[in-house]
There are 2 protein chains.
Amino acid sequence: MAVHAANAVDKRRSLLHETRCQNCSLSSLCLPLALEVEDMEQFDAIIRRRAPLKKGESLFRQGNAFNSVYAVRSGSLKQITTEGSGDDQVTNFYLPSELVGLDGIDEQAYPGSVIALETTTVCEIPFDRLDSLSEILPELRGQLYRSMSKELRDDRRMMRLLSRKTADQRLASFFSSLSDRFRRRGYSPHSFRLSMSRADIGNYLGLAVETVSRILGRFQQQGLVEVSGREVNILNLEALVTQAQEEH
Amino acid sequence: MAVHAANAVDKRRSLLHETRCQNCSLSSLCLPLALEVEDMEQFDAIIRRRAPLKKGESLFRQGNAFNSVYAVRSGSLKQITTEGSGDDQVTNFYLPSELVGLDGIDEQAYPGSVIALETTTVCEIPFDRLDSLSEILPELRGQLYRSMSKELRDDRRMMRLLSRKTADQRLASFFSSLSDRFRRRGYSPHSFRLSMSRADIGNYLGLAVETVSRILGRFQQQGLVEVSGREVNILNLEALVTQAQEEH
DNA sequence: TCACCTCCTTGATCGTGATCATGGCTGCAT
DNA sequence: ATGCAGCCATGATCACGATCAAGGAGGTGA
């Protein structure tokens with residue numbers, strides 16, 4: 001009987017192209033990374049898989065009630081916060097294994113819209129259940145604290161970038177950071193495809209699109225990268241990292 | 001016997017001008033805000049009061065091992081992150097009831113130095129004990145999540161400020177935000193003393209000191225504020241808030 | 001009282017990156 | 001093929017705020 005029920009669940013999951021945390025290639029980067037197998041099953045049980053988002057679709061909109069956080073499974077998304085009329089700001093890009101929505105806990109509403117940059121799948125994690133589970137799984141709780149803490153650190157780095165770095169340094173930072181994030185996820189750190197437009201990049205880095213274009217052109221002339229549309233080849237990561245960290 | 005021990009503790013505390021969370025005027029803003037009386041006693045028990053910091057002294061330095069978070073009790077502090085040689089960046093100001101050090105959890109080291117801007121007292125909260133206590137006190141855990149989430153939201157607001165706002169808007173934002181924070185803490189939202197220098201403000205907002213000075217002068221001419229050294233009188237908070245939010 | 005130091009203000013000039021304007025490229029529908 | 005739309009590149013000009021320079025205000029110690 002219990003077996004039947006379990007099978008039914010499994011069947012539904014496989015129909016939706018879903019797998020379990022235990023089999024997920026991202027489990028070493030994702031929230032349950034510190035969990036033992038039996039604990040991971042408990043965690044897995046609270047997760048809701050969602051149908052893939054198509055490019056341009058939103059996971060949620062700014063102001064929607066906060067119920068869940070989401071772990072990116074594949075694809076990528078951007079977070080956009082709007083203030084007043086038409087003044088959009090890209091505040092984050094999310095890659096696989098990253099957690100989306102943590103900034104909505106406080107006000108019980110999402111402070112920005114999150115939009116898929118390509119076909120993207122996410123795992124939905126209802127926050128009240130995550131919170132309850134974090135009560136009995138100290139490792140999970142610790143991981144949640146660490147995730148939020150890391151996001152705080154990253155934000156501080158971003159503030160430094162926005163307030164003290166030149167346009168060149170910002171782009172160098174952006175590309176070396178992307179390269180690093182891809183590397184950690186097992187992709188090539190040298191060759192990848194940007195899922196976001198130049199406009200998104202510029203908006204995120206506090207630069208005009210034209211500036212992004214011009215500087216990418218210059219980087220290419222300097223032999224740092226090879227860019228063709230959204231295909232990127234990093235030729236000299238070393239130099240890019242140096243460039244990103246240089247004093248004015 | 002137990003009574004004696006308790007008295008001894010009380011005595012030591014009062015010698016150090018310390019009180020308990022239960023009597024603290026900030027308890028409605030601080031971490032234990034959601035706790036019942038008996039729970040607050042448990043929380044109170046893990047807190048270590050520290051001798052006041054004098055102006056310019058540091059609570060901890062960038063890179064120090066992370067052991068505790070701190071709640072500001074009185075006074076104020078700034079967080080500074082240094083990269084390379086001499087490139088300092090002020091990434092935060094902390095006022096009473098705010099939590100310091102949450103961004104150190106992830107790497108078990110503080111990502112920036114935190115320095116008193118005036119005579120300042122803090123409550124030290126050892127993080128491992130806080131974590132343990134958050135296991136049995138769901139309200140405390142929730143409050144911790146909310147604190148971090150709020151900081152994330154504030155960071156996003158800061159990013160928007162740094163990447164899209166003019167110098168005038170940044171200062172208008174800064175003053176209206178300060179005013180609001182003072183108001184919430186029961187101080188006058190119209191009249192207060194800045195504990196940070198113009199240089200600190202400029203650094204924090206991504207502006208040169210000269211620009212800060214000039215714009216404050218202009219605000220004064222426009223009748224928005226009255227500034228004399230570090231004494232601030234906000235004459236037209238309304239206009240300041242509008243100014244801060246205006247599209248370019 | 002004076003010298004000294006830090007913090008702040010004000011003026012003049014310069015440079016980075018925004019803005020405006022245009023044209024090319026790519027993909028897509030018909 | 002053709003037209004259209006979104007995205008990207010490049011050139012010309014402009015403006016905001018940085019930087020350089022100098023001087024004033026206020027506090028502190030000899």
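Letters A, B, ... are given to chains in the order of the sequence lines, protein chains preceding strands, and every chain is numbered from 1.
Looking at B/R157 and A/E83, no side-chain N of the basic residue comes within less than 4.0 Å of a carboxylate O on the acidic one, giving no salt bridge.
Side-chain contact annotation: B/T81 with A/R160, donor-acceptor N/O pair under 3.5 Å present. When only modelled atom types and interatomic distance are considered, B/T91 and B/Q79 share a side-chain donor-acceptor pair under 3.5 Å.
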Could you pull out the protein-nucleic contacts involving nucleotides 6-10 of chain C (nitrogen or oxygen on both sides, under 3.5 Å)?
{"unit_1": "C/dC8", "atom_1": "OP1", "unit_2": "B/R230", "atom_2": "NE", "d": "3.3"}
{"unit_1": "C/dC8", "atom_1": "OP2", "unit_2": "B/R198", "atom_2": "N", "d": "2.9"}
{"unit_1": "C/dT9", "atom_1": "OP1", "unit_2": "B/R198", "atom_2": "NH2", "d": "3.4"}
{"unit_1": "C/dT9", "atom_1": "OP2", "unit_2": "B/R198", "atom_2": "NE", "d": "3.0"}
{"unit_1": "C/dT9", "atom_1": "OP2", "unit_2": "B/S213", "atom_2": "OG", "d": "2.4"}
{"unit_1": "C/dT9", "atom_1": "O5'", "unit_2": "B/S213", "atom_2": "OG", "d": "3.1"}

Pick out the pairs of N or O atoms, protein on one side and nucleotides 22-27 of chain C on the other, that lie under 3.5 Å.
none

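Terminal axes of the helix from C/dT1-D/dA30 to C/dT30-D/dA1 (five pairs each, C1' rotation axis) are separated by 30°, to the nearest 10°.
Inter-residue side-chain proximity for B/V100 and B/Y110 is flagged as unmet; no heavy-atom pair is nearer than 4.5 Å. Between A/K78 and A/Y204 the shortest side-chain heavy-atom distance does not fall below 4.5 Å. With a 4.5 Å cut-off on side-chain heavy atoms, B/V232 and B/L178 do not count as touching. Residues B/I215 and B/R218 have side chains in contact (heavy-atom distance under 4.5 Å, counting atoms from C-beta outward). Put simply, the side chain of A/I201 reaches to within 4.5 Å of the side chain of A/L194, judged on heavy atoms.
With rounding to whole Å, A/R193 atom CZ is found 13 Å from D/dC7 atom P. Between the P atom of D/dC7 and the CD1 atom of A/I201 lies a distance of 13 Å, rounded to the nearest Å. Straight-line distance from the CG atom of B/D168 to the C1' atom of D/dG17: 10 Å, rounded to whole Å. Atoms CG (A/N203) and C1' (C/dA18) sit 14 Å apart, rounded to a whole Å. Across the protein-nucleic acid pair, B/R218 atom CZ and D/dG17 atom P stand 8 Å apart, rounded to whole Å. Distance A/R164 CZ to C/dT16 C1': 16 Å, rounded to the nearest Å. The CD-P distance, from B/E231 to D/dA25, rounds to 19 Å in whole Å. Atom NZ in B/K165 sits roughly 18 Å away from atom P in C/dA18 (whole-Å rounding).
For residues 178-189 of chain A, every residue pair satisfying the side-chain hydrogen bond (donor to acceptor under 3.5 Å, both in side chains) rule, not counting sequence neighbours, is listed here: A/S97-A/R185, A/E98-A/R181, A/E98-A/R185, A/D180-A/R183, A/D180-A/R184. Here side-chain hydrogen bond (donor to acceptor under 3.5 Å, both in side chains) pairs that include residues 219-242 of chain B, with residues two or more places apart or in two chains, are B/R193-B/E231.
Take A/S177 and apply the side chain to side chain donor-acceptor pair (under 3.5 Å) test, not counting sequence neighbours, and it matches no residue.
The residue A/A167 sits close only to the backbone: its heavy atoms come under 4.0 Å of sugar-phosphate atoms, none of a base. A/G206 comes within contact range of the sugar-phosphate backbone alone, with a heavy-atom separation under 4.0 Å but no base atom that close.
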